[in-house]
Each structure stands twice: as structure tokens, then as C-alpha cells.
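Not measured: the values here are computed from a predicted model. Just so you know, these numbers use all the heavy atoms, side chains as well, and skip hydrogens, waters and symmetry mates. All chains are named by letter (A, B, ...) in the order of the sequence lines, taking the proteins before the strands, and each is independently numbered beginning at 1.
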Amino acid sequence: MKGWINMKKTWSILCLTLLCMLFAIPAALAADPAEAAKIDTGDTAWVLMSAALVFIMTPGLGFFYGGMVRSKNVLTTIMQSFFIVAMISVEWVILGYAMTFGTDINGFIGSLAKVGLTGVGMNILDNGTIPELAFVAFQCMFAVITPALITGAFAERMRFAAFTVFILLWAIFIYNPMAHWVWGGGFLAQLGALDFAGGLVIHILSGVSGLTICILLGKRHGYGKLPMLPHHLPMTVLGATLLWFGWFGFNAGSALGANALAANAFVTSQSAAASATVAWVLIEWIHNGKPTILGAASGCIAGLVAITPAAGFVAPMPSVIIGLVAGVVCYTAVAVVKAKLSYDDSLDAFGVHGIGGTWGAIATGLWATKEVNPAGADGLFYGSSDLIVAQLISIVVAYALAIIGSFVLFKLVSAFMQVRVDESEEVSGLDIVEHGERGYAQSIMTGSPVIGSAEDAAMAMQAFSIDSDPVSK
Amino acid sequence: MKGWINMKKTWSILCLTLLCMLFAIPAALAADPAEAAKIDTGDTAWVLMSAALVFIMTPGLGFFYGGMVRSKNVLTTIMQSFFIVAMISVEWVILGYAMTFGTDINGFIGSLAKVGLTGVGMNILDNGTIPELAFVAFQCMFAVITPALITGAFAERMRFAAFTVFILLWAIFIYNPMAHWVWGGGFLAQLGALDFAGGLVIHILSGVSGLTICILLGKRHGYGKLPMLPHHLPMTVLGATLLWFGWFGFNAGSALGANALAANAFVTSQSAAASATVAWVLIEWIHNGKPTILGAASGCIAGLVAITPAAGFVAPMPSVIIGLVAGVVCYTAVAVVKAKLSYDDSLDAFGVHGIGGTWGAIATGLWATKEVNPAGADGLFYGSSDLIVAQLISIVVAYALAIIGSFVLFKLVSAFMQVRVDESEEVSGLDIVEHGERGYAQSIMTGSPVIGSAEDAAMAMQAFSIDSDPVSK
Amino acid sequence: MKGWINMKKTWSILCLTLLCMLFAIPAALAADPAEAAKIDTGDTAWVLMSAALVFIMTPGLGFFYGGMVRSKNVLTTIMQSFFIVAMISVEWVILGYAMTFGTDINGFIGSLAKVGLTGVGMNILDNGTIPELAFVAFQCMFAVITPALITGAFAERMRFAAFTVFILLWAIFIYNPMAHWVWGGGFLAQLGALDFAGGLVIHILSGVSGLTICILLGKRHGYGKLPMLPHHLPMTVLGATLLWFGWFGFNAGSALGANALAANAFVTSQSAAASATVAWVLIEWIHNGKPTILGAASGCIAGLVAITPAAGFVAPMPSVIIGLVAGVVCYTAVAVVKAKLSYDDSLDAFGVHGIGGTWGAIATGLWATKEVNPAGADGLFYGSSDLIVAQLISIVVAYALAIIGSFVLFKLVSAFMQVRVDESEEVSGLDIVEHGERGYAQSIMTGSPVIGSAEDAAMAMQAFSIDSDPVSK
Amino acid sequence: MRKITKIDIVTRPNKLEELKEAMNHIGVQGMTVSQVYGCGLQKGHTEVYRGREYNINLLPGVKLEIVVCEVPVELVVETAQKVLKTGKVGDGKIFLYNVENAVRIRTGVEGSEAIMDEK
Amino acid sequence: MRKITKIDIVTRPNKLEELKEAMNHIGVQGMTVSQVYGCGLQKGHTEVYRGREYNINLLPGVKLEIVVCEVPVELVVETAQKVLKTGKVGDGKIFLYNVENAVRIRTGVEGSEAIMDEK
Amino acid sequence: MRKITKIDIVTRPNKLEELKEAMNHIGVQGMTVSQVYGCGLQKGHTEVYRGREYNINLLPGVKLEIVVCEVPVELVVETAQKVLKTGKVGDGKIFLYNVENAVRIRTGVEGSEAIMDEK
Ligand SMILES: Nc1ncnc2c1ncn2[C@@H]1O[C@H](COP(=O)(O)OP(=O)(O)O)[C@@H](O)[C@H]1O
Ligand SMILES: Nc1ncnc2c1ncn2[C@@H]1O[C@H](COP(=O)(O)OP(=O)(O)O)[C@@H](O)[C@H]1O
Ligand SMILES: Nc1ncnc2c1ncn2[C@@H]1O[C@H](COP(=O)(O)OP(=O)(O)O)[C@@H](O)[C@H]1O
């Protein structure tokens, strides 16, 4: 209840802000139909489709994670991803797009002139061939999935109220600035760092934030002693499938057009995902004696994470190597290092996204080539060391931002509300405690409605009394 | 058995008709390759893709609904949507497209010249930039999903035979005319009513028809007394995910091209869905004390329904408001009003689609603006009241058609066959009774094959007799 | 263990080959930016999207098959499809594309000049309007799904190690040549055989290979005596949904552009799938007394298989007939013929893909018309018998290749490793035995971690000893 | 120690809710329910998969285990019959067993008090 | 009243079908089956999740509860053994209990007739 | 034949692992576990679906059936109490029954030896 009251305050403020902004609506429309002629329909079709593909990744992530938790937490886990889709989309159209892609202010943040998408209208994207709104939609999905990735780290123990507040703040104060630095013309872009579809901005940022939070939050009760097995692996595979599927939009869509660059990103994504899957399965086959489907599902994600920053800069064969290495490195992070260091990153947000993203950012510095993307740069193996330096600096910046930012926000939220559920609630499971729902209703385990029309209840009672009268005599 | 015999008659007639039409095949091909030069590949790519997206919505709806019923009815529920995809697609290419988009006859119905897609061939769409067949495919998916939406209202109690006949008649006599009136150049189009992607034609029509049928059919046995809980919420979320994903094709595809209008519809869809999700979850958090995942899944659908008629006419910020209101209004319809009025709309087809669609049609009359869509009109908040009047008239027409039409068809079907399962069948569950299948086979609950090669059976028997002989002595 | 050692050898060789090839990387890039101007963005958008759609079919197939097996084998079954995606994608970019689409050598195989995608770079596809890499990606997905289809035939009894080796060899020595013969300019193409999206290359090849393997492998233990019921039909429907959805990319994407031909393939796919579903459900309703959802799911696949070779050559009305016949013929193959002949094609890979593909190849010879596709030919019903002859010859070739090839490869693999699991392993289920995982973890059925940090284990022990000490005194 | 009896009731799943309420009504303090599959005179049903029919003769049921001491066994049996009797095959069975002892883990109390209402 | 006995058979799940048929064959009128997890001499198996191994020692099993009166207990036990014995660890156990009374809910008949064939 | 006793322990699911280990520790050779739903003094919880609240008062639990002969019944009961007692409502119950006979299917051995350690 206490949490709820705090929630109410937070939300009231938010809602007010929202309403205020809505008065500015008519101003939001400043279309310039003259320019519309330059839109390329093929590019637009591909970017819109890619936005839809990236959209499905976040609920997909919910299933990927949801299958891995114990059945008593399946809804909580899926809900975290699903609710983020909603909450951050609203944040994005109102605030996030402006902060990220508004006119750059000192390389640090976008001007707020585009708040509420003011002035976007039916415009064409600057230096682009697509409507700006298509870009808004595409980028919205990126802003959505990034915080969702973090949820794997603190699964099975965070309160929903604290979760929503934390994620909202994280999106505003960590994601939006970082995305601006790399993609919105900020200082990392000026430095020459390359990040095709979000190795730094998305995977390192979310993975490292996840690690920070899971350490601050502490281990799940019984971690290391009680077994915590995935309750529904087909669900996890479904999630991995939707993620892989959507990732084509993520990576190939980042070409912002339907061209050879998009095709290159598509092929490199597929080959990196595939080779990482093979690598992960083989390494665990050798190491543990069994090739597992959870390994295959984890492997493809590791490969996709690693290729993300590189997809539009490297050729297909290097992408095979990037994938193979990603499979081995992430497996080691998850199966060996985590056990050694003994933090409870429940679903390996750091092991897969943090580590995989770091490897991908480095790999971009190694194999990037202007033959693939003239707008890119040549990596170490193509004769230049400038890029790898820029990549390493950016990695450090991303780590620093993620650790410090998440730490501060976590402490801030903790000051106002309870962040972690009580032990008894953790034992009962968060689905019942936090959401009042169960994932799977056993036909046997029923219940009687306690709310409903008064007549219903009366009838039910009466029905029984008549029957039971003679008995109770 | 009686139902089956009636079924047979109905189907024989249908099959005969079908066969007759097939003799006319060669005539169906009258391609004009000269025109083909005007096809825009980008627009075509987007419309084809959108058709695929809308396709997946109907099975997705099956999962959305399937997760909400009790496990004994999961297959029946999924089957209703899945079979509609098949049945109505056949109806559409043979009859529906002609009725809806054939040359207009008195503003009331299309001429049947295009029966069996005669004359469509490789043509380009009139006033369009895409092949007419792409439009046939896209519209086919709309014709499919509309009747599927209704099934939520009568879930868990309708016989499959009656269901197929009713739905087929409904598609032919209610959907096709209404779609013609609004989109095929019929009288509502002439009136000036706007319905971008189907608020009137799809959501009001299906929601109100659902309400009508569920009242005629009566409540489920034990409704209000026995608990009827969703048996598999992750399945419902999967369904909501596929619906949301497909809805981008539904709304943005309705621009019939890959342009700024499509991008606008894409963004407004996302922001309405997102804000309705947030609104529904918050309102129930306040009202019931818990934010639920079923609320989130229901909320996004409510938002998508509401934005459907408006997606290509309103700007992004109004779409946020449309979504917020949709979340609150539909929640109230479902959680408060339904309980008060005490009809058994099992899965809230009316509460979400009927009410949401009505709100969306009104909202279009409020926030539509020619700045977004010059082919549209200005709504009340942009200085004109013509549109809202046209919208209100259309709503009344849609309600009237849905109520009267469904009533008449229901009575007609009832006259020939049993529409509702017997009480004992309802208790056993429709999966076993109607389809002879179970959704989930417990490894423990097995059975012996009763059909199969005679030898198998003999072997099985013998195998046992030999073993058991000494025992029975 | 023995199997594993053999595996290790096989894999070492493979990995070595792989590494060798990677040294050739820089040579792989020979882009010619001059040509890039000819790329059509709309066509590219559609082909990339289609590649993503075909991608999702293979995991979809995993769910389609996975729902039909007993719960103890669900992961094994899904894993087979999922791992094939990874393994064959790597094979394809390294070897397969070169073998299939390299410069033709005597109508038999492609030259290996394009090994490792050497020389593909940023080129435009010969005689095409899309980047060659988009074609590489699209064809990769075809190479992936074909062997995955086979897995339905030998489900629930094949060892994973033998499975991987067999499939890899099959892809290299059976699929790649056959695809070259039909699509890569090989001798069947020269003969005039038409196969729009893979009736011969994909469905006959995989279905007949499946039949061969399942006979060589023998029946599942208890087949025909113990019931082997699908454990999760909603999962099967989900798989069918993803297959149907992806098939739009499969068939309409095979037009390699976003044009009227693609639209025609889209519509014929939908109407064939739909009519086959209706046909299968009706025939079993008459034959067994119940319309089943498994029938609906099987029916749509049968229709899609049958229309695959014909989709871009026939008009919509014939596609309805092709679908209706496919539904009836495949039902008969699966429900009547299989029982008579008593082989154990576990999930009917032959009954659906082999038979459906054969019917489709014949139907192409009957209804193909140049009015739909000027690059095609006229079938028997349009006045020419050349085509049907070419089709029949191709069918014979495909059957011969599949039977002989699979037989030889199976014997080869058997010589080196155990192909089938032991009976006791089959009883326990392959999920546990082969992968050390369970699909669904009952909350009740837990386990104690046996690996992990040493401290954890010590703590756990200690925790208990202290508690229990007084008791054991 | 007073005699303690365990009453096993095997019946149709859809009667569970009603039976539970009836039991509470007559003062039964607790019960343990499990999902079972029953096989008896009641005919099973036929399922069809890919044209092959299967006869399923294990039907889903519920088993209630009620341990009583104070509440008279006859009252429990009568009440159960009242609620469960439909007269159609498959109504189920009631079996009675002697319990040697009962312990309430929370308090360690043994015998009849372990299952009695705590005042 | 004749002595009524409950026979609990705990065994491997894959034997259920065969056992059920064998029981019908010797005249057992009904039985109640439930899914259980057993732990005994039989070794469990190892599962692997993200590189961590788990030792699962609760194995899936089935429990049949058969209440008999007319059919001799020995016959049931012998038949069960015949069908279930593989000689490998994990074949399971049979336990016998005394039943104080039985009631057929549908008819209200008590005692041995509650579980006998109705003529 | 020595007296054989069946001990039924109904308790919270999350205690299963610990209880199992404690039982092995005191020499219990085997046990059979099943998933049950319990209803007693422990309050259920409320679930909400589309704005309607439901009171769920069947709570998930586990039932362990342990048949012992050599191992003293008191030791089992004490150990179980030790592990399971939290002092909060819902800790569960232990019921003891007399077993007439036991058979180990694999060997056909009857009586107390059927459940004893095989040397
Ligand atoms: N001899 C028996 N032993 C154990 N359980 C039995 C026995 N006979 C019947 N049952 C249980 O009682 C249920 C109902 O019995 P059935 O014979 O079908 O109907 P009825 O009790 O109305 O005659 C069965 O499904 C089974 O679970
Ligand atoms: N003492 C016991 N009490 C209750 N159930 C037992 C007991 N011992 C064994 N069981 C059950 O019998 C099953 C088989 O026992 P196990 O010792 O593995 O093999 P076997 O009976 O062949 O010696 C166990 O899985 C368990 O369910
Ligand atoms: N009379 C009874 N007969 C059978 N099982 C019972 C009985 N009373 C309680 N139980 C079982 O014991 C569990 C715990 O009982 P409860 O009354 O909630 O707590 P406590 O044992 O701490 O008083 C219940 O959930 C139920 O499964």
C-alpha cells in the first residue's frame, strides 16, 4: 500500500505533465507537403516494416525471459516487457524523440523543441528518403527494447511500482542522452565511434545497468541453494524466435533504406546469429556433455547482440567469426564467470547483452571496412587503428554512464519506495502477490467470485442454502 | 447428428456453387500488361506486407481468446478463429470481393461481375499504385478478421456446425454490404463518413453483433456463480502481441502505399495502443488494487480498436488522448457495466470492440484534420461539425445493421440446427465433445487406438493375452 | 560417448575448413558501386521482408512439430528445427550459395568460385533489381527449411549427434545440387520444368527423404500399440500460423520483386491454403465424425505445399481447386494409406510434403498459364502438354535423388555412429537423455545443483547439517 | 484418543467448488484435494488424431481427503452424497480409513486436536 | 461386511496402459490414478541449464488406487507384479491398506457392494 | 511381520527439497510425492480478472507419502516438524496410517523388507 501511494504521486505528476502538453496539439502539425515528393516508397516500406519487426522483439523478449523463470513469476516477467512497450512508447512520442533527435545542444542533448512531436508533421527526414514519422516509429521501438533488456537481470524480485518508476527515469535520463550522443549528433558521433544498430547504446547500456541493479538488489532468496529452473523452455524458444525475426528489422532496418547496405546487414545478422548458436551449443556439448536448447536460444541472441554494432560495417565472413567468438565468450561469461563472481543476474542480461555488446563494439573496430559502408571507417584489420580507439573510448563511456546512472537512479527510487518484494512474497511468487493473477489456471484450482452483482452472490448463497438445509439439521 | 445432416445440405449447395464457378476460370484472366508500368514497387511491397501482417492477426486473436477460456475449451476457441481464416478467404475470392468492390449498384452493393475475381487478372488497382490482386489480398484479411472478433462473445457454448453456417452468412449478408457502404463507394462513403481502417465496418459491426448473439444464446452454465478464469495468460499475451504487430499492417497498410500517411497511421497506432495500455493498467490498479497483465493485454487492444478509424486522419498527440480515453472507457464497459447489465459476453467482444470502435468513430469526428490527410476532413476541434454528424449517423447505421442482421441470421440458423451445446456437453468442454481433441495431453492420460490396421489391434490383444494367461488361471 | 567422439572428429574437420576459408575474407569483397544505381528499393524491401518471413517458418515448423510429439520429446523436436536454422545458415554462406548459384558446371553444380560469398560484395543480382546479398539471404532461408521438414518423419527417436551429421551432409549433397538443377540453371531448368517456390526442390525432396529415413530407422517403440498423442495442440496451431504467415514470403517473395506476379502468388497461396483447410476439415468431419483443429492445421500446410510450385504460374480460381484436392489427397495419405502401409512417419512429413508437393508439381503442369506469368508456360488445360511432361520427369528425378541420396547418406552415417537412441532412452524421452532438459518444469519437480561454486555447495550442506544435527542424535 | 477417520471422496471435478462449500458449512476445518484420473463404469470418450481414433477411458476427477474427528463421519458422507449425487454413472465413491494419529506441524499438537478448530 | 482392501501401486508411467488392461481383465471394476513423483533407490538424472548441472531425483511415476473386495487381493498383487516387473530398480511398490467402508455415491449403497459389479 | 506405517505429510511446496534431504539423512529409503491443493485455516489469496475479484482458497501444497518400518515413526515425525515448522498458519499436517502389507515389485519381497535398504 505504501508503494502504491508513492506511485500515485509519481503518476499524478506525470499525467498532469501529459495533459499540459496536449493543449499544444494543433501546433504539432507543421507539415510541408512540398517536400513529400522526395520520399522513396521502397525505403519507407522497409523502414515501416522494420519498425514493426523491432516492435515484436520486446514482447518476444518477454517470452524469452518468461520461459526461464519459475512458473510463479511468469506473468510478472512478461508484464515487465509488455508494460515497457506501452510506457516508453508514450514517453518517446512526448519527450524521448525530442531529447534524442532534437537539434543538438553542445553535443550533449537534443533541444526540447520537438516535444510532443511538434513540427514533425508530414515532413521528410533530414538527409533521408523517408517520412520523419517513420523514423520516429522505428526509433521508438529501439527506445522501448533497451530498458526491457535490463529486466532479465532483476527478474523474480522487483516490485512492479518501483520497476515502473525506475524504468521511466532510466529511459529519460540514461537512454535518451546516450542515444543522442551516438546517433543524434552528440559527442560520441563526433569522436568517430561506429554503432550501426546499437551495440553501445542498447546492449552495453542495458547489460551493464542490469548488472548494477542486480547487485544492488541482492540475490534471489535461496539462490545457489534452491534450484531455479526455467519453467517453460518452448516459451523461451518462441521468444528467441521472435527476437531473431525482429532483429532483421533492427539491424537491416538501421540502413534506413532498402538497399545493398540493408542486405549486407541482413546477411551478417543471420550468419552471426547462426554461428554463435553453433558455437554455444558445441562448447557446452564439450563442457557439460549435452547440447541444450537453452544454449541454442541463448547463443543466437549472443550472436545477434555482437553483430548489432557491426552489421552495416563488416562483410559476411567476418560476421561468422564475430558470431563464433560471441557464442564462446558469452557462454563463458554466463556459465563460468557468473558462477565464480556469484552475483545473481537472474536471466543473464549482463552475460549476454553486456558482454556480447562489448565484444561487438570491439569487433566493429577490427573488421569494419569502407568497402561495405563508405560512410563508415576502416577497422584494425583493414589498416587503421583510429576506429578501434574510438570504439574503446565509447565502451568506457557507456559502462560509466550505465553504472553511475543506474546506481544513482536506484538509490533515488529506493529513497521513495520499497524496491524489492518481501521474502514471503518472493516465496509465494510475484504473479499472485503483485498482479493477482496466475499464469496457468489448473482446472482444479478454482475460486469463487467475490465481486460481482449483488444478485449473483445472493443467488449463489441461496442455491446452496436450499440444498444444504436438510443436511445441517 | 441432426446438425450434421443440415450441415451437409448447406455445404453441398456451397460446393456446387463453387464448382460451377470454376468452369468460368479462363475468363477470369483478363490482364492488361500495358498498365503494369504504373505499379509502384514500394507501395506494393508495403501493401503485400501489410496483408501478411493482417493475416496473422486472426490466428493471433485465436490465441488472445484461447488463453482466456477454460482449458477444456481452448481448442474450440482457437479453432473458431483459425477456421474462419480458411472459410472466409475462400468466400472472399469467390464472392466477397465482388460484392464489396464490384461496380457500385445504387450505393448499396457491388455488382457480381467480379465473382471469382473475374477480370482482376494482373490489373493495376483503379486510382492506385498497386496491383489489384494486392488489394484483394489485403482486403481479404479484413473480411476474415471481422467475423472472428465476434467469436469472443459466444465463446465456450456454441456448436461448431451452427457456428460455421452463421459466420458464413454473416460475412456474406452483413460484412460485405457494410464494407461496400463505407469503402466500396456506397452510401455512407457518399455521406462523408470517415473510417480509415475499419472502426465502423469492423469493430462496431463485430462487437455489436457479438452482443446480440451472446444475449440470444444465453449465459454460460454457472456464469456468475462458478469462476471462469483464463487458463493460460501467456497465451493471451501472445495473442495480444500478434494482434498489435499485425495492426501496423491493418492501420498503416490502409494508406495503400508507403508514404507519410502510412507513417502517420503507424505512429498514431503505436501511441494509442500504448497510452490505452497505460490507462487500463492504472485505472484497475486504482480500482482493484492490482495492475494486471490481462489488463495490459486488453488495454492495448482497446487502444488499437479506438485508433483504427482515426489512424490516417489524426495527429500523434490526439492519438495519445484517444488511447487514454479508450483504456478508461473500455475498462469501465467490461468491469462495471457488463457486471451491472449481466449479459455473458464471454471474452468482451462488445466491451472492447463495440465500445472501443464507437469511441474511435466519434474521436475521428473530433480530431480529424486535413493537415494530416487532405483527402479527409476537419473534425470538431479543427472547426467543422459536418464530420461528427456523418460519424454519428454511420454509427447508428452500423449498430442497426449489426443488431437486426445478427438477430435475423441467428433465428434463421436456429430454425435449422441446434445452435448451443447441451449443458452436459458444456460441462465436459467443447474440445472433446465437438472436436474429439484435448489441448494439452497429460502424459498420464492416454488411450488405446480403436481404429488402425486390424493387425495392430490383434497384435496388441495377443501381446496381452499371452502375458496374462497364467494370471487368470 | 562413442557418438560424441565421432562427432568431435566430424566437427573438427568442419571447423578447420571454416577457418581456412576465413583467411580469404578480404577477397570476398568486390563490390561494384557503379551498378548499385539499378537497385529497386521496393523490390529490395519486399525480398528482404520475404527473407525474414521465410526465416520464421523454420522455428515455426519446430512448434508445429513440437506440439505433435509427446511432452518428453518436445525440446528435441523443436531443437532439431532450431539448430538447423543455425547450422545450415553457416553452411549456406560458406558453401551452399556457391554450390547452388555459382556459375553452372555442365548443368550439374555451381562452380565453387563464390565460396564464402567471395565476389558477392555489394553487387546487384544478375538480371535482377535487388542486391545479390538480398538474394543470398532469401535463398538461405529456403536451404534452411528444407532439411527441417524432414525431421517430422524421424521424430522421437533419432540421436542428436547423428542427426546433425546427417542433415549437414544432406544439405550439401542433396539439397544444393537439386536446387542448382532447378533454380541455378541446371538441367531440369533447361528441360522446362517449372517450380515457382519449391515444390520439387523443397517439398518432394524433403518428404520423400523423410519417408526413406523413417523406414530405415524403424518404427517408434510401441507404435500402433501405445497411443502417441500430440501433447500441446495450441503449440501446433501456433506453428501452423507462423508457417502460413511466412509462406507469403516464401511464395510471393519468389517473384523477387514487389509486382503483380508477387500479388498473384500471394492470393493463390492464401486461397489454396484456405481451401485445403476447409477440405481437410470437411473430409474428416464426414469420415471420422469430428472436425479437428489438427486437421485444420494440417490442411493449411497441405494447401500451401501444393500451391508452392504453382503460385506464380496459375490464376486464383485454379488455386482454389489445387487446395481442395490437396486437402483431400493429403488427408487420405495420412489417415488411410499410412495406416495401411504401416511405416512410422511420425509427423507425416511424407504424407503432407511428399504427397502435397507431388500434387502441386502435377497441378502446375495442368493450370499454369502465360497470362499470369509470361516467363512460364501453358499447362495442359491451357492447350499444351509439354509442360506436364517436364513436370513428370522432374518429379521422378526428385524422387530418385531423395530415395537414393538419403539411403546412401543414412548408411554412411550409420557406419560411423549410433543413429537411433536405445529403447530405454526412447521410453525416458529424448529431452532428458539427449539434451538434459525438460520442456516444462513442474514446480514440484525440482533438483539440487550439482555444479556451481564450491562454496555454494558447502553452504547448502552446512545449512542442513546444523539444522538436522539434533535430530540425528 | 478419539477415533480419527480419513474420508476419501473421488468425484467429478466440476462439483469441487460446491462440495468444498458444503463441507465448510458442516464444520469441516480442512481438506486436501488432488487431481486424479478415474476409470470405472463410466464410459470414456473418443479422440481423433489425423484420422485415427483413440478411446480415452481415464477420466479427469478430483479426490478430496478429509480427516475428521469431531465432525461425525456420517454427516460428511451424507452431505457429500447430497451434493454429488446426480444419479448418472460416474458420481464417484467415498472410502473411509482409520487414521492412527494426526499432528499439526505448526503447534506440534497430536491426536484429535490436530484437526480440530483452534479456539 | 466383507473385508475391503485398498491396493496402492506406485510404478513407472509407461506401464499404466498395460496395467489398466490387466486389471480389467481380472475383473477389477474401477481404479483411481494419479500422477506422482517418486524417490527411492532409482537414480535420478542430470539436467543442465546455462552450464550449471542439476541432479533431479524426483522421478515421474503413477499411483493407482484400487479398492477391492470380491476380487482377491493376491490376484491383483500377482497380476500387477507380472505386468510391472522388469527387474530393474524403479519397478515400484505395492502397499495394502484396510478400508473401513465404501460408498457408491450414485446409489448410496455401502460396503462391498459399493465397488462390486452392478447386476 | 513388523508393523508398517504410512506417514502422510501435507505441507508447503517450497519446503519439499529440504524435507526430502532431511528424510534421506535419517535413513528413509523412499517416498512418493504428489501435488495437492489444500484448504484449511490458512487464508487464500485474491485474484483479479477484468475487474472481477476471485477468492482462491485452494492453495498449492505437496503431499509426501512415506512408508516406514525400520526407521522409527517418531523420528520421521520429529524431523518433519523440525524442518517444516515456521509457526505460521499453513505449516500443514502429518497423518499416520497402518499398512497391512508392502511388496517390492522388482523382487517380489513382501513385508518390512519391501521397504528396507537392500544389502
Ligand atoms: N474399485 C475402485 N477403486 C478405486 N477407485 C474407484 C473404484 N471404482 C471406482 N473408482 C473411482 O470412482 C470413479 C467413479 O466410478 P464409476 O464406476 O465410473 O461410477 P459410479 O461410482 O457412479 O458407479 C471412478 O472414475 C474411479 O476414480
Ligand atoms: N518407503 C517408501 N514410501 C513410499 N513410497 C516409496 C517408498 N519407497 C519407494 N517408494 C516409491 O516406489 C518407487 C520405486 O522405488 P525404488 O526404490 O526406486 O525402486 P524399487 O522399488 O525397484 O526398489 C519410488 O519412486 C517411490 O515412488
Ligand atoms: N482435516 C483435514 N483433512 C485433510 N487435510 C487437512 C485437514 N486440515 C488441514 N489439512 C491440510 O493441511 C494444510 C494446512 O492446514 P491449515 O489449517 O491451513 O494450517 P495449519 O496446519 O498450520 O493449522 C491444508 O492446506 C490442507 O491441505
Trainee: Taking all heavy atoms of A258(B) and all of I39(A), pick out the closest pair and write down the distance.
Mentor: O-CG2, 4.2 Å
Trainee: For the atom pair CG (L282(B)) and CE (M87(A)), what is the distance rounded to the nearest 0.5 Å?
Mentor: 10.0 Å
Trainee: Less than 4.5 Å apart, side chain to side chain, heavy atoms only: is that true for L229(B) and E437(A)?
Mentor: no
Trainee: Go through V237(B) and L75(A) one step at a time and tell me if the side-chain contact (heavy atoms from CB on, under 4.5 Å) criterion holds.
Mentor: CA-CA 9 Å; V237(B) 177; L75(A) 297 182; 5.7 Å; no
Trainee: For residues V267(B) and L133(A), report the shortest heavy-atom separation together with the two atoms involved.
Mentor: CG2-O, 3.3 Å
Trainee: What pair of heavy atoms forms the shortest contact from P234(B) to M235(A), and how long is it?
Mentor: CB-CE, 3.5 Å
Trainee: Among T76(A), I78(A), V74(A), whose side-chain contact (heavy atoms from CB on, under 4.5 Å) with I293(B) holds?
Mentor: I78(A)
Trainee: Rounded to the nearest 0.5 Å, what separates atom CZ in F83(A) from atom SG in C300(B)?
Mentor: 12.0 Å
Trainee: Of N259(B), V372(B), N373(B), which is the lone residue that meets side-chain contact (heavy atoms from CB on, under 4.5 Å) with M122(A)?
Mentor: V372(B)
Trainee: Using heavy-atom distances under 4.5 Å, tell me whether V281(B) contacts chain A through its side chain, its backbone, both, or neither.
Mentor: side chain
Trainee: Side chain, backbone, both or neither: which part of A262(B) has a heavy atom under 4.5 Å from chain A?
Mentor: both
Trainee: What part of A273(B) lies closer than 4.5 angstrom to a heavy atom of chain A: side chain, backbone, both or neither?
Mentor: neither
Trainee: Taking the side chain from K290(B) and the backbone from V433(A), do they hold a donor-acceptor pair closer than 3.5 Å?
Mentor: yes
Trainee: Using non-hydrogen atoms only, which part of L238(A) is less than 4.5 Å away from chain B: side chain, backbone, both, or neither?
Mentor: side chain
Trainee: Working to the nearest 0.5 Å, report the span between CG of L233(B) and CG of D431(A).
Mentor: 9.0 Å
Trainee: Hey, which of A134(A), A52(A), A51(A) has the most heavy atom pairs under 4.5 Å with chain B?
Mentor: A52(A)
Trainee: Taking side chain as everything from C-beta outward and backbone as N, CA, C, O, which of these in L125(A) sits under 4.5 Å from a heavy atom of chain B? Side chain, backbone, both or neither.
Mentor: neither
Trainee: Backbone N or O of Y440(A) within a donor-acceptor pair of the H232(B) side chain at under 3.5 Å?
Mentor: no
Trainee: Is it the side chain or the backbone of P230(B) that comes within 4.5 Å of chain A heavy atoms, both, or neither?
Mentor: backbone
Trainee: Quick one: CZ on F266(B) to CG on L48(A), what's the gap to the nearest 0.5 Å?
Mentor: 6.0 Å
Trainee: Would you sort out whether Q270(B) and V85(A) count as a side-chain contact (heavy atoms from CB on, under 4.5 Å), showing the intermediate values?
Mentor: CA-CA 9 Å; Q270(B) 179 70 3; V85(A) 179; 4.0 Å; yes
Trainee: Counting heavy-atom pairs under 4.5 Å with chain A, which one of F245(B), W247(B), F248(B) comes out on top?
Mentor: F245(B)
Trainee: Sort out for me which of W46(A), F135(A), F63(A), W92(A) touches chain B most, counting heavy-atom pairs under 4.5 Å.
Mentor: F63(A)
Trainee: Which heavy atom of A274(B) sits nearest a heavy atom of S89(A), and at what distance?
Mentor: CB-CB, 3.5 Å
Trainee: Please classify the contact of E434(A) with chain B as side chain, backbone, both or neither, using a heavy-atom distance under 4.5 Å.
Mentor: backbone
Trainee: Go through the atoms of L294(B) and report whether side chain, backbone, both or neither lie under 4.5 Å from a heavy atom of chain A.
Mentor: both
Trainee: How many angstroms lie between atom NE2 of H435(A) and atom CD of E284(B), to the nearest 0.5 angstrom?
Mentor: 10.5 Å
Trainee: Would you give the length of the straight line joining atom OG1 of T292(B) to atom CE of M79(A), rounded to the nearest 0.5 angstrom?
Mentor: 6.5 Å
Trainee: With only heavy atoms counted, which part of W244(B) is less than 4.5 Å from chain A, the side chain, the backbone, both or neither?
Mentor: both
Trainee: Under a 4.5 Å heavy-atom cut-off, does chain A meet the side chain of L53(B), its backbone, both or neither?
Mentor: side chain
Trainee: Please determine whether side-chain contact (heavy atoms from CB on, under 4.5 Å) holds for the pair M317(B) and I94(A), giving the CA-CA distance in whole Å, both sets of side-chain angles, and the decisive distance to 0.1 Å.
Mentor: CA-CA 8 Å; M317(B) 281 306 106; I94(A) 293 178; 4.2 Å; yes
